[in-house]
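Report on the following structure.
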Amino acid sequence: MTTTVDPIATVPMPLLSRYAECTMWLARYMERIENLARIIDVTETFVRSGASDGWRAIVQINADEERFFATHDATTARSVITFYTIDTENPTSIVSLAHAARENARSLRPVISTEMWAQLNIFTKFVRSLGRDDIRPSEISQLCTRIKQDCQTHTGITEGTFYRDQASIFYNAGRHLERADQITRLIDIKYHTLLPSEAGVGSEVDISQWSAVLRSAAGYHAYRRVMSADIRPSSIVGFLLKSEAFPRSLSTNLRHLHSNITQLRRDYHLRGASHIVGRVEHLRNILDQQTATEIIVRGLHEFNDWIQNELQDIQREIANAFWPAPGAAVLAPETPELFPASSQSQSQS
Amino acid sequence: MADKTNGQPGPKPSSHGAPEALADTGLFSHYQNSHFFCELTNSGGHTDPQVELIRDRLNALPLDDLRSRAKQAEQELYNLGITFTVYSERDAIDRILPFDLVPRILARKEWQHIEAGVKQRVQALNMFLWDIYHDQNVLRDGIIPRDLVVGNANFCPAMIGLDVPGGTYVHINGTDLVRDDAGRFLVLEDNARTPSGVSYVIENRHTTLRVMPDIAAGIDLMPVDEYGMRLQNALAELAPEGVDNPQVVLLSPGIYNSAYFEHVFLAREMGVPLVEGRDLVTENDRVYMRTTAGLRPVHSIYRRLNDDFLDPEAFDPTSMLGVPGLVQAYRKGNITIANAIGTGVADDKAVYAYMPRIIRYYLSEEPILSNVETHICAEPEGLAYTLANLKNLVVKPVGESGGYGLIIGPHATQDELAEFRTKLEADPANYISQPVINLSVSPTLCENGLEPRHVDLRPFAVTGKSTWVLPGGLSRVALRRGSLVVNSSQGGGSKDTWVLAQ
């Protein structure tokens, strides 16, 4: 058979459902590790600057209270840091997330670049080797920085080497979905730290801690440049939720997620993508139609919670559409016109 | 230990001569090999100027330099994940297959001999398999006892009468070769099921060229990179008839299999999806894979699963790794499976003994590569010879694998020999015997510098409509001093195999 046009443009290569699932989760786990490192780092800063129960907030925003208190009496720096870094029994610890990222990456070795694998291999082995000495108070900030950098190295290698086909779209969808989720949790950490002690809102402690939140999301300087002297909490929340230019904002990530799913429908003819596109659009509309102040007045925590639930639903729908459980109804083989190259009904030549 | 003069860079001048010239200074000055055929220092006697050049370059390397290169290679293999994983209850440990950076070298002529021999053997294996699953002339003509074939545990009745495309059963074959005292290559064993190790051949080449660029400089080597492409082509050209653009996949047991790296490697080199059983389904006796766009047809499967696990409906019903309905689709001619089901009967120890006769029977040619001299105890002369020479022979039961139930005459006590003699006389048909082979050696980096270590060679042959042999093959090396066991499970490693292009 003679190929006269770029086969990639006309005949999309099929992507195994399992690969799609693994790529999306690889991206999510790597983002989650990075964000956890950011959150631990910023909490450490909070506590140093006087927040009374900063460590408890991490457990709350991750909804891990039940599991945490089953094995611990109190949320001390030591117990929470251990729980979220080296505790292999805790599925939300960095070591468990790194393990999960690694298993997904292992499944993906046939499709990801060798550079991606080599870096993940070294990084996950490093995380697995961490012990009590590595998470002492004097070491923890440095460790968080190292983990953050390793995650960013992964992101960079992925950007530079991962072939841009369906798998990379699922990867990007995973990254943006996770970032959208994580920014709401990062905002919530502040909510939990200062409320319900109303007295704290607007005080100097408050402002320095909101600055720390911005810093932890690498948004402090951009915020200053754009918003200059306006350091009101509602402006900062507005920036984190609604900035169209800040790479970790909710709005930016919903926009990217929307474009990823649209790409699956448009370029890869994946019929299952259509109603998910609608779902993400709906979410964007709701965010667009409210100011940050309105969101705060109606209940910032409730809003964050609601977003997190919506994102979980979207993840579930993506799974149902693209990697349905064995036994569940699968789409019948596509019509020959869409995938002429791998159809048996083609005439012989 | 290496002496101080090792520090001199560059090849030694005027060292193009007899091997003894190397012995004065340099890496080879303490290399002692008096008993065996050496792959590099050529106790067999021929002098290839390129081999000498490589040897001289190696000789001029300081030992510390060689060690630091070896360390670098190991680190690289580890980081790149060219590893197998050992699972314990709590942990997964990645191990590299021990790698020796001193290449094993084959001259062009030696390789041509091996290549021709391997092709001949693969052709005979395929003709034999077609015959025993169709007319069974070879049994009717009494070339090989019927019981040995039809009664063999690996004989697969489901294959009877099935016309596999191209008559190819063994698409991928690994022929284990050893070299005796005289430097003759002998076939130790055929691997016609799912031979492994080819990924190491290619990765060893990459690693060796990266850490030994100065040793390889200007030497024209036969390339090993085309393996994946050749394999993909073979599987595509033997896809069921009427398929325009066949979808080939590699079927792996998954990430917990110890050979998973090799599966990844091959899928990447072939440019095909690596699937697990759960990624495939059958419908109306056709095979599909689950994709994000729904079910897509699959036409050729390179499977890295044993027969038993392929299809719970046809074989082991407890297997979770296979694809229900696969064998039915296979029998309908809707899918090509490589290697075919039921090839295990051809690489059996008992059948091995008959391979020279099988080659003569189908091809009317003398075997190009000899078997290790084998005495079939089912035959009176073979039994008589074995009984008379028991203390000099290895005697193996034909039905067992993994070295069970065999006796190595020279290592056995009088009592053990007497006991074995009784067993042998009671059931001679269950045994074959062979002389003890002194495997050739190759200089290998060991604790005290370069030392001779025993090696074997597994060339890989790919057969679609014709057979192609990957130049070289896997050189496995027994890293323990004196050991003849090259298996990775018993302290074996591997090294790059260089076939000189001129």
Side-chain angles (χ1 to χ4, degrees), chain A residues 1 11-22 88 99 102-112 114-115 117-122 125 128 166-167 169-170 264 268-273 318 321-324 326 330-334 338-349, chain B residues 75-83 85 90-94 206 239-250 252 254-256 260-261 263-281 283-284 286 288-299 324 334:
Chain A
M1 205 175 90
V11 184
M13 294 281 291
L15 177 70
L16 274 190
S17 290
R18 186 166 51 84
Y19 287 171
E21 180 178 9
C22 291
T88 51
H99 179 74
R102 180 185 178 80
E103 295 293 86
N104 279 288
R106 260 156 68 81
S107 289
L108 289 169
R109 282 185 72 179
V111 280
I112 62 178
T114 43
E115 283 92 337
W117 168 254
Q119 192 261 344
L120 280 165
N121 189 25
I122 295 165
K125 278 176 182 163
R128 249 186 336 204
Q166 255 194 83
I169 300 176
F170 278 101
L264 291 176
Y268 293 90
H269 316 295
L270 300 187
R271 289 178 285 170
I318 290 173
F322 304 120
W323 50 90
V330 279
L331 289 172
E334 289 283 352
L338 274 180
F339 291 94
S342 38
S343 166
Q344 281 195 29
S345 60
Q346 280 286 292
S347 60
Q348 298 167 46
S349 53
Chain B
Q75 192 61 48
E76 197 169 276
L77 291 170
Y78 189 66
N79 287 346
L80 287 174
I82 301 171
T83 45
T85 308
R90 286 191 57 86
D91 237 336
I93 300 151
D94 288 336
H206 292 162
E241 276 190 41
V243 180
D244 249 8
N245 209 337
Q247 174 71 57
V248 178
V249 299
L250 183 147
S252 163
I255 63 170
Y256 298 110
Y260 180 67
F261 164 69
H263 307 163
V264 167
F265 176 89
L266 288 168
R268 283 196 308 223
E269 291 291 314
M270 294 167 74
V272 305
L274 182 156
V275 301
E276 298 176 10
R278 59 190 161 127
D279 297 319
L280 298 181
V281 285
E283 241 170 58
N284 300 323
R286 290 183 186 276
Y288 298 92
M289 58 181 178
R290 300 171 192 278
T291 79
T292 54
L295 298 179
R296 315 289 312 146
V298 171
H299 308 105
N334 289 331

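Heavy atoms closer than 4.5 Å to chain A are found in the side chain of Tyr260(B), but not in its backbone. Looking at Leu15(A), the atoms closer than 4.5 Å to chain B (heavy atoms on both sides) sit in the backbone and in the side chain alike. If you measure heavy-atom distances from Gln119(A) to chain B, you find no contacts under 4.5 Å at all.
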Open item on the list: Using side chain to side chain contact (heavy atoms under 4.5 Å, CB included), reason through Leu274(B) and Tyr19(A) one step at a time and then give a plain yes or no.
Closed with: CA-CA 10 Å; Leu274(B) 182 156; Tyr19(A) 287 171; 3.4 Å; yes
TODO: Kindly indicate, with the supporting measurements, whether the criterion side chain to side chain contact (heavy atoms under 4.5 Å, CB included) is fulfilled by Thr292(B) and Phe170(A).
DONE: CA-CA 10 Å; Thr292(B) 54; Phe170(A) 278 101; 3.8 Å; yes
TODO: Check step by step if side chain to side chain contact (heavy atoms under 4.5 Å, CB included) holds for Phe261(B) and Arg109(A).
DONE: CA-CA 9 Å; Phe261(B) 164 69; Arg109(A) 282 185 72 179; 3.2 Å; yes
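Between chain B and the options Glu103(A), His99(A), Lys125(A), heavy-atom pairs under 4.5 Å are most frequent for Lys125(A). Among Val281(B), Leu266(B), Asp94(B), the residue with the largest count of heavy-atom pairs under 4.5 Å with chain A is Asp94(B). When each of Val272(B), Val275(B), Thr291(B), Leu80(B) is checked for heavy-atom pairs under 4.5 Å with chain A, Thr291(B) comes out on top.
Atom-to-atom distance recorded for Arg278(B):CZ and Leu16(A):CG is 10.5 Å, nearest 0.5 angstrom.
The minimum heavy-atom distance linking Asn121(A) with Asn79(B) is given by the pair ND2-O, 2.9 Å. Looking at every heavy atom in both residues, Met289(B) comes nearest to Pro14(A) through CE-CG, 4.0 Å.
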